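These figures come from a predicted structure and were not determined experimentally. Scope of the values below: all heavy atoms of this structure, side chains included, with no hydrogens, waters or symmetry mates.
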Protein chains: 2
Amino acid sequence: MSFAETFKALSDPVRRDILTLLKKGSLSAGEIGSHFDMTGATISYHLSILKKADLVFENKQKNFIYYELNTSVVEEVMLWLADLRGGTDNEP
Amino acid sequence: MSFAETFKALSDPVRRDILTLLKKGSLSAGEIGSHFDMTGATISYHLSILKKADLVFENKQKNFIYYELNTSVVEEVMLWLADLRGGTDNEP
DNA sequence: CCTATATTTAGAAAATCTTCTAAATAGGCA
DNA sequence: TGCCTATTTAGAAGATTTTCTAAATATAGG
């Protein structure tokens, strides 16, 4: 939603690791959880933050929920950084 | 220093605003502080986090400390995001 | 319909973060 | 030297975050 939420979401190492996992394709909450030494509830918490930040979206299948990376929001963050860096192009 | 520190540093709105101010050129701690409704001590705290994350560097002059944006670290974050986004180039 | 599996929600504990006030440091200049 | 200005450090209060356990929800399949 807001940049604030997106940057907050990116600030946690677990959540960045989740995003990296999703780089290769969508995974269910359980599959994601199996990569971490944490309870499913904790993974669910992190996923909810990534979801609120629009960094991932979900789609249900059977009783699994698959999560997928939303590259367009990643792109938006890159644009903010590009503007901060400045000097290459993209000035108004 | 580490990505962890850099992303944490970027996760706070005050610190992102400081970086945006520095986009136009270096400013002293006091000049930075004058843009915010916060004590100098708090600004100093935020500057220390930006400094640890290598997002800014400082240089002293008289008894002022000027802060400057470190664009190379901004660049590194962009590269991480580009890799996450994937598909454009930069794969190993 | 009942049970088993996948995931989320609620609530609480512990850790971390943000902010303040007060005090310390450091440098320049009369 | 002694003071003034700029900034940081220390310590504490309050807010937010991360994690857990236990319970709730949802759905598939017998």
Side-chain angles (χ1 to χ4, degrees), chain A residues 1-22 25-70 73 77, chain B residues 1-22 25-70 73 77:
Chain A
M1 201 89 283
S2 69
F3 258 6
E5 270 174 337
T6 307
F7 275 109
K8 271 269 184 246
L10 287 169
S11 74
D12 186 87
V14 172
R15 292 193 291 266
R16 287 196 304 278
D17 286 349
I18 290 175
L19 294 175
T20 300
L21 282 175
L22 293 177
S26 70
L27 294 172
S28 71
E31 288 169 326
I32 292 167
S34 74
H35 287 79
F36 298 89
D37 188 18
M38 288 174 173
T39 65
T42 297
I43 295 300
S44 184
Y45 160 77
H46 285 299
L47 288 172
S48 78
I49 286 175
L50 289 171
K51 203 164 37 180
K52 261 183 270 186
D54 281 333
L55 279 162
V56 301
F57 41 81
E58 61 184 30
N59 63 338
K60 305 185 197 244
Q61 264 170 59
K62 291 185 52 180
N63 51 345
F64 293 81
I65 303 182
Y66 287 89
Y67 284 90
E68 191 162 354
L69 184 61
N70 182 1
V73 171
V77 178
Chain B
M1 198 94 283
S2 70
F3 258 6
E5 270 173 337
T6 308
F7 276 108
K8 269 276 184 242
L10 287 169
S11 74
D12 185 86
V14 173
R15 291 192 292 267
R16 287 197 303 278
D17 287 347
I18 291 175
L19 294 176
T20 300
L21 283 175
L22 293 178
S26 69
L27 294 172
S28 70
E31 288 169 327
I32 293 169
S34 74
H35 287 80
F36 298 90
D37 188 20
M38 286 173 175
T39 64
T42 297
I43 295 300
S44 185
Y45 159 77
H46 284 299
L47 288 172
S48 78
I49 286 176
L50 289 170
K51 205 165 35 179
K52 263 183 267 184
D54 281 333
L55 279 161
V56 302
F57 42 81
E58 62 183 30
N59 63 339
K60 304 182 199 246
Q61 262 170 63
K62 293 185 49 181
N63 51 346
F64 294 82
I65 302 182
Y66 286 91
Y67 285 88
E68 190 163 354
L69 184 60
N70 183 0
V73 170
V77 178

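- When each of B:Ala29 and A:Asp37 is assigned the nucleotide of DNA chain D bearing its nearest heavy atom, the one mapping closer to the 5' terminus is B:Ala29.
- Remark: P of D:dA6 and CD1 of B:Ile32 are 14 Å apart, rounded to the nearest angstrom.
- OP1 or OP2 of D:dT8 has at least one side-chain nitrogen or oxygen of B:Tyr67 nearer than 4.0 Å.
- Here the shortest heavy-atom pairing between B:Arg15 and B:Lys8 reads NH2-O, 3.1 Å.
- The 5' end of DNA chain C is approached more closely, in terms of each residue's nearest nucleotide, by A:Ser44 than by the other of A:Ser44 and B:Ile49.
- Side chains of A:His35 and A:Asp17 form no contact here, defined as non-hydrogen atoms less than 4.5 Å apart.
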Derivation of the side-chain contact (heavy atoms from CB on, under 4.5 Å) call for B:Ile32 and B:Leu22: CA-CA 9 Å; B:Ile32 293 169; B:Leu22 293 178; 4.1 Å; yes

List the steps and the verdict of side-chain contact (heavy atoms from CB on, under 4.5 Å) for B:Asn59 and B:Phe57. CA-CA 7 Å; B:Asn59 63 339; B:Phe57 42 81; over 6 Å; no

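- Considering only side-chain atoms of B:Arg15, the nucleotide from D:dT18, D:dT8, C:dT18 that sits closest is C:dT18.
- Atom CG of residue B:Leu27 and atom CD1 of residue B:Ile18 lie 10.0 Å apart, to the nearest 0.5 angstrom.
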How would nucleotides 21-30 of chain C be written as a contact map, 5' to 3', with B for base contact, S for sugar-phosphate-only contact and - for no contact, using protein heavy atoms under 4.0 Å? BB----BS--

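- The CD1-P distance, from A:Ile43 to C:dT9, rounds to 15 Å in whole Å.
- Between the P atom of D:dT7 and the CG atom of B:Leu27 lies a distance of 11 Å, rounded to the nearest Å.
- Between B:Phe64 and A:His46, it is B:Phe64 whose nearest contact on DNA chain D lies nearer the 5' terminus.
- To the nearest 0.5 angstrom, A:Leu50 atom CG is 10.0 Å from A:Ile43 atom CD1.
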